[in-house]
Amino acid sequence: MLRDAHNRTIRDLRVSLTDRCNFRCFYCLPHGEPSWAKKETLLTFEELEYVIEIFVSLGIEKVRLTGGEPLIRRDVPVLVEKLARLKPRLRDIALTTNGYDFVRHANALKAAGLDRVTFSLDSLLPERFAVITGVDAIDRVIESISTAKDIGFAPIKINAVVVRGRNDDELAEFARFAREHDVAMRFIEFMPLDSGHEWSRNMVVPGREIHDAIDAVYPLRLKDASRGSETSWKYEFSDGAPGEIGIIAPVTEMFCGACSRIRLTADGQIRTCLFSTTEHNLRDVLRNGASRNEIVEFIEAVVLKKEPRHYINDAEFVQPARTMSFIGG
Ligand code: SAM
């Protein structure tokens, strides 16, 4: 078991496969990175397979592949297939993608053993989608979502980052989309992790406000009184319609006390929190010939350093140097 110094058990590993992305979402990576990570610094699939097996032996149950845009990395189904060999100890392999290139890989990912997929979709209006992401590709994303449904991925989650004045007038429309397509629509508060450093508190639409705006049109019922270690409060529609609403409010309703997550960046750094200002270089440990025991000790020692909470709401908060796209959202 991986346990931190605050008695939290770590069961969830988010693995960034690349810092690169083919979208330029204004709240994430509006101008790209000044220099992308060099290929030789990225963990290879063999290295990922090796270290993820160690994480699983230490109690990690869920692995989410993310980025950057993970499907930019070549042959992701090959990695999924390697990870699927770790089942049933590894209970869940998930992918977060912008959906641009999902259709091409969908069947191979399913056959390889991918369990779940989460898409990002920040507007249902084609022109606004293009402005938000920098790419005129809403049709591809919608097609990806229906392909995922058709080949049996379930549940399908869709993330929308809600930003004041940009897409907060679409909340009820998103809810309608969730009902019509029987998907889980998850609304995320804008966090200070954007490479453009444009985040400001008045751009954050509080989770409570998101809830109330949807509830006024489509009354909601809380699904579980407890959130467990999940990031979202989950709601169903009171009228029994299909679909689900999730609200993720890390800024206004911090949930660090129940956090079960750690992250591995594409270049092999362990991050114990999205907002960590330090990283732990697993890649060097691995490449310098450490034994399995030494790697285990390294991981256990890093987990003990996991921060008690984030400090977004403190006056002295400093935005981490690495952005969401590098860390792996
Ligand atoms: N490229 C993939 C995608 O678009 O889903 C995976 C990586 S992306 C960084 C993962 C998630 O992080 C997306 O749902 C994205 O909307 C979210 N995200 C990125 N920047 C964010 C921010 N500043 N605040 C809140 N969520 C953010």
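One-based numbering, in listed order, for ligands and for the atoms of each. Reckoned from all heavy atoms, side chains included, excluding hydrogens, waters and symmetry mates.
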For residues Phe174 and Phe187, establish whether the separation of their ring centroids is below 6.0 Å.
yes
Drop me the distance from Ser120's OG to Phe129's CZ, to the nearest 0.5 angstrom.
9.0 Å
Residues around ligand 1, heavy atom under 4.0 Å from any ligand atom, sorted by chain and number. Can you pull those?
Tyr27, Cys28, Thr66, Gly67, Gly68, Glu69, Thr96, Thr97, Asn98, Ser120, Asn159, Val161, Ile188, Glu189, Phe190, Met191, Met324, Gly329
Is it the case that more than 12 heavy atoms not belonging to Glu127 sit under 6.0 Å from its CD atom?
no
So with a 6.0 Å cut-off around CG of Asn313, is the heavy-atom count from everything else above 12?
yes
Quick one: does any side-chain atom of Asp168 pair with a main-chain N or O of Gly165 as donor and acceptor, under 3.5 Å?
yes
Is the NZ or CZ atom of Lys110 both under 6.0 Å from the centre of the six-membered ring of Phe153 and within 45° of that ring's axis?
yes
